[in-house]
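Remarks on the structure that follows.
Numbers restart at 1 for each chain; the letters A, B, ... are given by sequence-line order, proteins then strands. All values below come from the heavy atoms of this structure, side chains included, with hydrogens, waters and symmetry mates left out.
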2 protein chains.
Amino acid sequence: MPPAPGDRDARREDVSEAVWLALAEKGFGGLTLRAVASAMGVSTGMLMHYFPTKRALIAHALDLLEKRTAERPRRERPAEGLATVRAMLLDILPLTPDDTARNRIWVSSWDLALADDGLASDQAGRYTRLRSTIRPHLEAARGLGELPAGADPERLAAGAVAFVHGLVVQALFDPGRFPEDVQVSMVDDFLASISAARGPAGAPRTTL
Amino acid sequence: MPPAPGDRDARREDVSEAVWLALAEKGFGGLTLRAVASAMGVSTGMLMHYFPTKRALIAHALDLLEKRTAERPRRERPAEGLATVRAMLLDILPLTPDDTARNRIWVSSWDLALADDGLASDQAGRYTRLRSTIRPHLEAARGLGELPAGADPERLAAGAVAFVHGLVVQALFDPGRFPEDVQVSMVDDFLASISAARGPAGAPRTTL
DNA sequence: CGGTACGTAACAAGCGTTCGGTATGTAAGG
DNA sequence: CCTTACATACCGAACGCTTGTTACGTACCG
């Protein structure tokens, strides 16, 4: 076959797709060169042509995961403030099969990441980035009066990420108990609660 | 050596300890018979005397994980209501090295669980049980007026579990950013927010 | 021809598992 | 009491298989 221009990149795309399938089915613990190769009907030797070692393929898989997460279809960001935060959180939840697969692969990657210092700090960086993506909108929400004046946006961002990722894990293991509407209204309840909360340092409480 | 009474159980305890060490270090993805055997200075053949197959050893590891989680030292349950919920949530957080190891192993197990239907439904059951352990105290809190009258305890329990487990994951990957006091006050903020929130179904909101 | 893009086949290493073999102890029988 | 028999606990080595990796051969292109 001819080494047509861009052929190499196209082939790498095929590899990516096979890696994705293998990961969605068996997770990182079951990611094997032969599984990927046979999933795309080629030999393992061919794989080594594009990824010289398995570490390279794992790194590619993680890049792919990050890329597909970044490029996933997102709902519109309606206005500033809490409504935007809501949209961001809903975009994380496993509401469609694609979202579910992506979240499964993320959770599966944590086993690898916890055992490897480099991967662990990568994951820590991703969390830091995610929080700082949400934080400005929490600040805006506070400016709009949607949050108490004393609210700490960074900490609220960490809390929102925690809530939504903990919900992801529960929903992955028990999809029947966490259908779309339950997940969505749980996020809505969470946002409503932080918007009604008192400030942190002994500020006057409105209820109770 | 004599097959003294209880010797077999004592040996199984040794195996458990070695399994625990191996898991804390490398996670389930790196759990290998030879690693366990050499960690306790014995041969792999000896392991097969106590666990006929690796599946059995993995099952034992999961049992051990559940047992050590159930038997971990817990803080006193102060009074009824939200204070009890607070104590339960704090008992989950990775605040001590032991808690951290246990949580790491739990998170690591999710890779395995997501790829195996049986393990996945086990995990779903554990979540269900955890939620129903927390729920009665949320009901009590509602009765005490610590929560809005319209609050749904089951959903609040799911939210609390989500929040705390999402916090666990972030803290495991970035312990420097989530020291004990940050984790504790995040839980406190969360509890304060749900206690101040309005009820779910169009009940009158106090702020905004 | 030379170089790229593979397939085929083999490699060493590591895996879970199996199989004798060797102590050591308990139980039985004269 | 001594001996024989048998079960237990364990080791060491090997088995067969899968893993990641490498080497070599071939087809096709410019």
When rounded to the nearest 0.5 angstrom, what is the spacing between [atom1] in [X] and [atom2] in [Y]?
X       : Y       : atom1 : atom2 : value
A:Leu65 : A:His60 : CG    : NE2   : 11.0 Å
A:Ile58 : A:Asp63 : CD1   : CG    : 12.0 Å
B:Leu33 : B:Met48 : CG    : CE    : 6.0 Å

What is the separation between atom [atom1] on [X] and atom [atom2] on [N], rounded to the nearest whole Å?
X       : N      : atom1 : atom2 : value
B:Leu47 : C:dT17 : CG    : C1'   : 12 Å
B:Phe51 : D:dC10 : CZ    : P     : 12 Å
A:Arg11 : D:dC28 : CZ    : P     : 16 Å
A:Met46 : C:dC6  : CE    : C1'   : 8 Å

Next on the checklist: Strictly by side chain to side chain donor-acceptor pair (under 3.5 Å), give each pair with a member in residues 101-114 of chain A just once, sequence neighbours left out.
Outcome noted: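 Listed by first then second residue: A:Thr69-A:Trp106, A:Asp99-A:Arg102, A:Ser108-B:Asp111, A:Asp111-B:Ser108.
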Checklist entry - So which pairs with a foot in residues 42-58 of chain A pass side chain to side chain donor-acceptor pair (under 3.5 Å), sequence neighbours left out? => result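 Sorted result for residues 42-58 of chain A: A:Arg55-A:Asp116.
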Checklist entry - For B:Tyr50 and D:dC10, is the shortest distance between a side-chain N/O and OP1 or OP2 below 4.0 Å? => result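 Looking at the OP1 and OP2 atoms of D:dC10, one of them is under 4.0 Å from a side-chain N or O of B:Tyr50.
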Item to check | Base versus backbone protein contacts along nucleotides 16-24 of chain D [heavy-atom cut-off under 4.0 Å; B, S, -] | outcome: ---BBBB--
Checklist entry - So does A:Glu17 pair up with A:Arg68, basic N to acidic O under 4.0 Å? => result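 Yes, charged N to carboxylate O under 4.0 Å.
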